[in-house]
Visitor: 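Sharing a structure here in structure tokens format.
Residue numbers start from 1 in every chain, and the chains themselves are labelled A, B, ... in the order their sequence lines are given, proteins ahead of strands. The shown structure was predicted, so the numbers you read here are calculated from the model rather than taken from an experiment.
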Amino acid sequence: MMSTKAREALVERLLSRGTVDVVVRERLRERLLGDRPLRVKLGVDPTRPDIHLGHYVCFRKLREFQALGHQVVVIIGDWTARIGDPSGRSAQRPMLTAEEVQANAQTYLEQFFKVVDVSRAEIVWQSTWFGTFTLEDVIRLASKYTVAKLLTREDFAKRYEQGSPISITELLYPLLQAYDSVAIQADVEIGGTDQLFNLLVGRDIMREYGLEPQDVLTVPLLVGTDGTLKMSKSYGNYIAVNEPPTEMFGKIMSIPDHVLGDYLRLLTDLPDDEIDALLAGMANGSINPRDVKERLAVLIVSDLHSPEAAENAREYFHRVHRLRELPEEMPVVSVPPRTRVIELVVRAGFARSNNEARRLVAQGGVRLDGRRVEDPEEVVEITEPIVLQVGKRRFARLLPSPVPD
RNA sequence: GGGGGGAUGCCCGAGUGGCCAAAGGGGCCUGGCUGUAAACCAGGUGCGAAAGCUGCGGGGGUUCGAAUCCCUCUCCCCCCA
């Protein structure tokens, strides 16, 4: 058992580090310190199983709750997923089949439990209650809320003003999500800041159904690898949680320097004062941002893969990007003993068409055993293994194949 | 029920008969620089060995020639009721 003091420190950290809104702060603090394990809700959208570091922020927060002995309740939004998502704009999302939802949920959870402790988590499918929901139930739920209130949500308000479409299901979405809290009797719900409205609707609806309203905690949206927009699959600026260690490491190394502070605070457990020191050091030039990034990358890869994997990834990065040497391991491709360079590039999977391969050669991006290839039409005699390199970071070991084709 | 707007390359978005393989931006790729896959700078970015072919929602047509004009279909959006 940890001391009261240690416990208080953890609670303080949970409430302040990497959080945006905490409603109601004092009440949550008390309950966190209390004896009863809280039911901490996280709603999951099983339409997209692409989990990235943005989600990781949330997962880490849940882990903090668990460390204090609280219970995580994951809700698989299998019903709302099939109705459609409220983030609107992009054309109507195709309805998913039950099997697709099932499969997506599966992959989601696999990644989720890399971070969150399974033994203190409960997985609940939304269809448990919505599966038997009647029209009467829907109407009762809908009657508890008003259009005016829903329109206070910023994106709804904006779209309404602009005359952009808002479907009824979109308006229903926050209510359904709120009802989940009723169904599982949530004590706390967490989500990204963009979820604040929905989380608060949960409070109102719970009250309507005669329950104690849940407390709400939001975490910031992580900035993507472009350094500007929030991390998201659709912006293509994300680092996936299940990225192979080397890729993950490299992508973290490629984030712009100015987002390092956010990343350190939201994705690692480094103490605040240490982070401040690092940032100050970078600001006055005494610390190379690259070294900080490397430390960040090691920490994240260690947590999501393993310390060994992180160490290997670090070595790989050094070798390939700093020393410009060949990696220890690379894919092996067998090729006919006499082949044009462009074809080698295509066969190795580094170009999708001959034209693309030709361009790569023309731009000086193709090397054979370190020798830069000048002529795309060059025919290469391959009698023993030779290393093909494209750009700075793509390598393949070419072996002559016995059977010409 | 009535009226109007729109569909362009991975994405956003310009383009209203030839100079359009299609401006511009983003993304991505390559090179340079850098003890970073950062920042910055430069270039590239449909397919084909080539001739050339395919391409601007689908189909059909007009024309020497169409992303651009006409017909038709599909889909999306807005306004009024």
Side-chain angles (χ1 to χ4, degrees), chain A residues 53 84 88-94 158-167 170 223-240 243-264 278-279 281-283 285-298 300-301 313-327 339-346 348-367 372-379 388-395:
Chain A
L53 295 186
R89 196 185 283 219
S90 56
Q92 285 246 324
R93 175 173 281 187
K158 207 149 131 204
R159 287 202 276 158
Y160 185 69
E161 213 148 296
Q162 290 175 343
S164 302
I166 304 170
S167 75
E170 286 180 276
V223 178
T225 51
D226 61 318
T228 320
L229 300 168
K230 70 164 183 179
M231 184 173 285
S232 145
K233 164 102 178 191
S234 42
Y235 296 144
N237 61 357
Y238 69 105
I239 302 175
E243 206 100 45
T246 325
E247 283 298 300
M248 186 180 286
F249 196 97
K251 284 193 179 180
I252 294 167
M253 290 306 284
S254 79
I255 60 172
D257 296 348
H258 73 263
V259 301
L260 265 172
D262 280 352
Y263 274 55
L264 289 167
L278 290 173
L279 293 177
M282 285 192 285
S286 63
I287 297 177
N288 185 336
R290 195 211 51 222
D291 298 329
V292 179
K293 246 182 249 180
E294 196 174 288
R295 185 155 174 211
L296 172 73
V298 167
I300 295 174
V301 176
R314 197 171 67 90
E315 268 166 32
Y316 180 95
F317 190 86
H318 268 245
R319 187 185 277 261
V320 173
H321 296 291
R322 289 171 72 173
L323 305 173
R324 295 286 161 81
E325 289 176 0
L326 299 177
T339 319
R340 286 188 310 156
V341 171
I342 22 178
E343 196 178 335
L344 293 177
V345 174
V346 172
F350 298 150
R352 259 169 290 170
S353 66
N354 290 355
N355 276 345
E356 189 176 333
R358 193 168 289 118
R359 272 180 235 125
L360 288 168
V361 173
Q363 290 175 134
V366 176
R367 290 165 191 270
R372 180 169 284 178
V373 178
E374 310 282 348
D375 177 13
E377 302 303 329
E378 181 179 326
V379 174
L388 170 72
Q389 177 177 4
V390 172
K392 292 192 182 82
R393 44 186 282 258
R394 289 182 289 177
F395 304 87

Visitor: Tell which nucleotide pairs with A38(B), taking only Watson-Crick or G-U wobble pairs whose two distances are both under 3.5 angstrom.
Guide: none
Visitor: Could you give the distance separating U72(B) and U62(B) at their C1' atoms, to the nearest angstrom?
Guide: 15 Å
Visitor: Using atom P of each nucleotide, how far apart are G61(B) and U16(B) to the nearest Å?
Guide: 26 Å
Visitor: Can you tell me the Watson-Crick or wobble partner of A7(B), both distances under 3.5 angstrom?
Guide: U74(B)
Visitor: Roughly how many Å apart are C71(B) and G24(B), using the P atom of each and rounding to a whole number?
Guide: 34 Å
Visitor: Check whether any side-chain N or O of Arg394(A) sits under 4.0 Å from OP1 or OP2 of U30(B), and answer yes or no.
Guide: yes
Visitor: In the strands shown, is G1(B) matched to any nucleotide by a Watson-Crick or G-U wobble pair with both distances under 3.5 Å, and which?
Guide: C80(B)
Visitor: For the P atoms, the ones on C19(B) and on G32(B), what distance do you get once it is rounded to whole angstrom?
Guide: 37 Å
Visitor: Just checking Arg372(A): base, sugar-phosphate only, or nothing, at a heavy-atom cut-off of under 4.0 Å?
Guide: sugar-phosphate
Visitor: Considering every strand shown, what is the Watson-Crick or G-U wobble mate of G44(B) when both distances are under 3.5 Å?
Guide: C28(B)
Visitor: Mind checking ring-ring contact (aromatic ring centres under 6.0 Å, His included) for Phe317(A) and listing every partner two or more places apart, or none if nothing turns up?
Guide: Phe249(A), His321(A)
Visitor: Quick check: does any side chain N or O of Asn354(A) sit under 3.5 Å from a backbone N or O of Glu343(A), one acting as donor and the other as acceptor?
Guide: no
Visitor: Grab the CG-C1' distance between Asn237(A) and C28(B) for me, whole Å please.
Guide: 14 Å
Visitor: Tell me the closest heavy-atom pair linking Arg394(A) and Phe350(A), and the distance in Å.
Guide: NH1-O, 3.3 Å
Visitor: If we take the P atom in both G5(B) and U54(B), what is their distance in whole Å?
Guide: 33 Å
Visitor: Distance check needed: G31(B) P versus Arg367(A) CZ, whole Å only.
Guide: 7 Å
Visitor: Rounded to whole Å, please give me the gap between CG in Asp291(A) and P in U34(B).
Guide: 17 Å
Visitor: Sticking with atom P, work out how far G65(B) lies from C53(B), rounded to a whole angstrom.
Guide: 14 Å
Visitor: Round to the nearest Å and state the distance from Ile287(A) atom CD1 to G35(B) atom P.
Guide: 18 Å
Visitor: Using modelled atom types and a 3.5 Å cut-off, is there a donor and acceptor pairing between side-chain atoms of Lys293(A) and backbone atoms of Ile255(A)?
Guide: yes
Visitor: Shortest non-hydrogen contact from Asn237(A) to Ser232(A)?
Guide: OD1-N, 2.9 Å
Visitor: What distance, rounded to whole Å, do you find between the two C1' atoms, one in U63(B) and one in C69(B)?
Guide: 9 Å
Visitor: Could you state the CD-P distance from Glu374(A) to G31(B), rounded to the nearest angstrom?
Guide: 13 Å
Visitor: Strictly distance-based, threshold 3.5 Å: is any side-chain N or O of Gln389(A) a donor or acceptor partner for the main-chain N or O of Gly391(A)?
Guide: yes
Visitor: Under 3.5 Å, is there a donor-acceptor pair between the side chain of Glu247(A) and the main chain of Pro244(A)?
Guide: no
Visitor: Between A51(B) and G58(B), how far apart are the C1' atoms? Round to whole Å, please.
Guide: 31 Å
Visitor: Is there a donor-acceptor pair closer than 3.5 Å between any side-chain N or O of Tyr263(A) and the backbone N or O of Val223(A)?
Guide: yes
Visitor: Along nucleotides 37-52 of chain B, 5' to 3', which nucleotides get a B, which get an S, and which get a -, given that the test is a protein heavy-atom distance under 4.0 Å?
Guide: BB----BSS-BBS---
